[in-house]
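What follows is a set of notes on a single structure, which appears directly below.
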Amino acid sequence: MRARDFAGRHALVTGAASGIGRAVAQRLAREGAVLHLTDLRADDLRSVRARIEESGGTVATAYAADISSIDEVRELAAAVHAETPAVDAVLNVAGIAVWGTVERMSHEQWRSVVGVNLMGPIHVIESFVPAMIEHERRGHLVNVSSAAGLVGLPWHAAYSASKFGVRGVSEVLRFDLARHGIAVTLVTPGAVATPLVRSIQVAGIDTTTPEFERLRGHFQRRAVTPEQAADSIVDGMLRRRYLVHTSRDIAFLHALQRHLPPVYALVMDLANRAVSRLERRLP
Ligand code: NAD
């Protein structure tokens, strides 16, 4: 999909009410795309729609849905396909962050993170990509994974289960969908300064303490803005790149993992020790 291709093309964006999803929707609107926006939060979705339309963008549908529910995603697909037989681009951005050690994570937390972050994109793919194939859209599928879809960060077992899953689906579809002319882009953000940074749940840990605030501050200092992340994503789509990092630190860590495995293992070990020290100081 080249720059001029966005004009008049239909793009579905999940997680469009906030953070990276909202910024991607705004950038695609500036590129002339016809947007289909969705999110769990209907009120915020309405305000994002209004803001995009006020600045001259085109929003064909803004339909609230819970992506972890196949029924709701099928209803969303019916609403979108009533406007266009198929979309040209699907951007799976919506997600949640639930971290924690295995001894603290509840079964419900494992299920919810996998339900939203992995089953959500799967529901969207199964409800939208077959129509793209049938109508020969030759478009683009973008899946937002995470640095935690590449490397073994502390406290990230459940989150990484979901994000490595998204990476696995993308790695296969990258080749499977090529025969239909559909490009696949896998996005692996590091820190991005979005409301997610405040909504992170860590099983069994009070995230409002000054100790945890210091950790959050460390994360935020390294963070790129949602607009910078959105630019990396859209520029990656324009170049039809498979892997898109939104910050250099993650590109570096990924290179360490592949080319210097012992150094990567040392970095992960140090990160685990730091988190264990922090855990001991937490109430
Ligand atoms: P955000 O919280 O600002 O936005 C996420 C959006 O997803 C919200 O509007 C939320 O309502 C929506 N959402 C959550 N659960 C949903 C559900 N069940 N159905 C439909 N919508 C739902 O977060 P963000 O930082 O913009 O995150 C976007 C994506 O980027 C996520 O997949 C996240 O895992 C990933 N990511 C973010 C960071 C970061 O540092 N912010 C880092 C790595 C990966």
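For reference, positions follow the sequence shown, starting with 1.
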Please list all pairs passing the side-chain hydrogen bond (donor to acceptor under 3.5 Å, both in side chains) test where one or both residues lie in residues 160-169, with sequence neighbours left out. Asn117-Ser162
Heavy-atom closest contact (Gly236 atom, Val244 atom, distance): CA-CG2, 3.9 Å
Shortest non-hydrogen contact from Pro189 to Thr246? CA-OG1, 3.2 Å
Flag the pair His180 / Met132 as yes when at least one side-chain heavy-atom distance between them is below 4.5 Å, and no otherwise. no
Taking every heavy atom of Ala203 against every heavy atom of Gln109, the minimum-distance pair comes out as CB-OE1, 3.3 Å
For Ala64 and Leu40, which heavy atoms make the closest approach, and how far apart are they? CB-O, 4.3 Å
Under a single-linkage definition using a 4.5 Å side-chain heavy-atom cutoff for Ile, Leu, Val, Met, Phe, Trp and Tyr, are Val202 and Val116 assigned to the same hydrophobic cluster? yes
What distance separates Tyr264 OH from Leu253 CG, expressed to the nearest 0.5 Å? 7.0 Å
Heavy-atom side-chain contact between Leu28 and Val234 under 4.5 Å: yes
Flag side-chain contact, heavy atom, 4.5 Å: Val192 against Thr225: no
Check against side-chain contact (heavy atoms from CB on, under 4.5 Å), Asp249 and Arg222: CA-CA 9 Å; Asp249 52 353; Arg222 292 185 4 268; 3.5 Å; yes
Drop me the distance from Arg46's CZ to Arg51's CZ, to the nearest 0.5 angstrom. 13.5 Å
Do Asp235 and Arg27 come close enough that some side-chain heavy atom pair is under 4.5 Å? yes
Show the numbers, then the answer: is there a side-chain contact (heavy atoms from CB on, under 4.5 Å) between Val197 and Gln220? CA-CA 8 Å; Val197 180; Gln220 268 166 334; 3.7 Å; yes
Drop me the distance from Thr209's OG1 to Arg214's CZ, to the nearest 0.5 angstrom. 8.5 Å
Check: Arg241 main-chain N/O paired with Thr185 side-chain donor or acceptor under 3.5 Å: yes
Just checking Glu136: does its CD atom have more than 12 heavy atoms from other residues, nucleotides or ligands closer to it than 6.0 angstrom? no
Looking at Thr194 and Leu196, would you say the former's side chain and the latter's main chain have a donor-acceptor pair under 3.5 Å? yes
Could you pull out all donor-acceptor pairs under 3.5 Å where a side-chain atom in residues 14-23 meets a protein atom, sequence neighbours excluded?
unit_1 : atom_1 : unit_2 : atom_2 : d
Thr14  : OG1    : Val93  : N      : 2.8
Thr14  : OG1    : Ala94  : N      : 2.9

Are any side-chain N or O atoms of Thr84 and backbone N or O atoms of Ala86, one a donor and one an acceptor, separated by less than 3.5 Å? yes
Side-chain heavy-atom pair His140, Asp88 within 4.5 angstrom cut-off: no
Checking Asn92 against Ile125 for the side-chain contact (heavy atoms from CB on, under 4.5 Å) test, could you report, in this order, the C-alpha distance in whole Å, the side-chain angles of both residues, the deciding distance, and whether it holds? CA-CA 9 Å; Asn92 271 312; Ile125 289 166; 3.8 Å; yes
So how far is it from Met237 CE to Glu31 CD, rounded to the nearest 0.5 Å? 9.5 Å
I want to check something: taking the side chain as every heavy atom from C-beta on, are Ile52 and Leu37 in contact at a cut-off of under 4.5 Å? yes
One pair to check against salt bridge (charged side-chain N to carboxylate O under 4.0 Å, His left out): Glu213 and Arg216. What are the steps and the verdict? CA-CA 5 Å; Glu213 277 304 328; Arg216 208 194 304 273; 3.3 Å; yes
Do Val172 and Val90 share a hydrophobic cluster (ILVMFWY, side-chain heavy atoms under 4.5 Å, transitive)? no
Please check if Leu215 and Val151 belong to a single hydrophobic cluster, counting links between Ile, Leu, Val, Met, Phe, Trp and Tyr side chain heavy atoms closer than 4.5 Å. no
Exercise: identify the closest heavy-atom pair between Val166 and Pro121: CG2-CG, 4.2 Å
With ring centroids as reference points, do Phe128 and His81 lie under 6.0 angstrom apart? yes
Is it the case that His245 and Ser232 place a side-chain donor and acceptor less than 3.5 Å from each other? no
Decide if atom CZ of Arg273 counts as having more than 12 heavy atoms of other residues, nucleotides or ligands within a radius under 6.0 Å. no
Are Phe164 and Val102 connected into the same hydrophobic cluster when the rule is that any two of I, L, V, M, F, W, Y join if their side-chain heavy atoms are below 4.5 Å apart? no
Mind listing the closest non-hydrogen atom pair of Ala193 and Pro226 along with its distance? O-CD, 3.4 Å
Does Phe252, at its CZ atom, have more than 12 non-hydrogen atoms belonging to other residues, nucleotides or ligands within less than 6.0 Å? no
Answer yes if the side chains of Asp71 and Ser69 hold a donor-acceptor pair under 3.5 Å, and no otherwise. no
Just wondering, are more than 12 heavy atoms of other shown residues or ligands nearer than 6.0 Å to CZ in Arg258? yes
Starting from Leu243, can I reach Ile250 by hopping between I/L/V/M/F/W/Y residues whose side chains sit under 4.5 Å apart? no
Phe212 side, atom CZ; Ile205 side, atom CD1 - distance, nearest 0.5 Å: 7.5 Å
Full working for salt bridge (charged side-chain N to carboxylate O under 4.0 Å, His left out) between Arg174 and Glu171: CA-CA 5 Å; Arg174 165 191 189 185; Glu171 182 69 22; 3.6 Å; yes
Any side-chain to backbone donor/acceptor pair from Ser47 onto Asp43? Under 3.5 Å, distance only. yes
Could you check Glu279 against Arg104 for salt bridge (charged side-chain N to carboxylate O under 4.0 Å, His left out), going step by step and ending with a plain yes or no? CA-CA 12 Å; Glu279 225 177 332; Arg104 290 182 201 251; 3.1 Å; yes
So does Met268 get a backbone contact from the side chain of Asn272, meaning a donor-acceptor N/O pair under 3.5 Å? yes
Checking His156 now: which residues fulfil ring pair (Phe, Tyr, Trp, His ring centres under 6.0 Å) with it, not counting sequence neighbours? Trp99, Tyr159
For a side-chain contact (heavy atoms from CB on, under 4.5 Å) check, start with the C-alpha distance between Leu91 and Val24, then their side-chain angles and the critical distance, and finish with the verdict. CA-CA 9 Å; Leu91 292 97; Val24 160; 3.6 Å; yes
Measure the shortest side-chain to side-chain distance between Gln201 and Thr207 over non-hydrogen atoms and say whether it is less than 4.5 angstrom. no
Side-chain contact test, heavy atoms from C-beta onward, threshold under 4.5 Å: evaluate it for Val187 versus Val142 and give yes or no. yes
Working to the nearest 0.5 angstrom, can you tell me the gap between Ile67 CD1 and His123 NE2? 9.0 Å
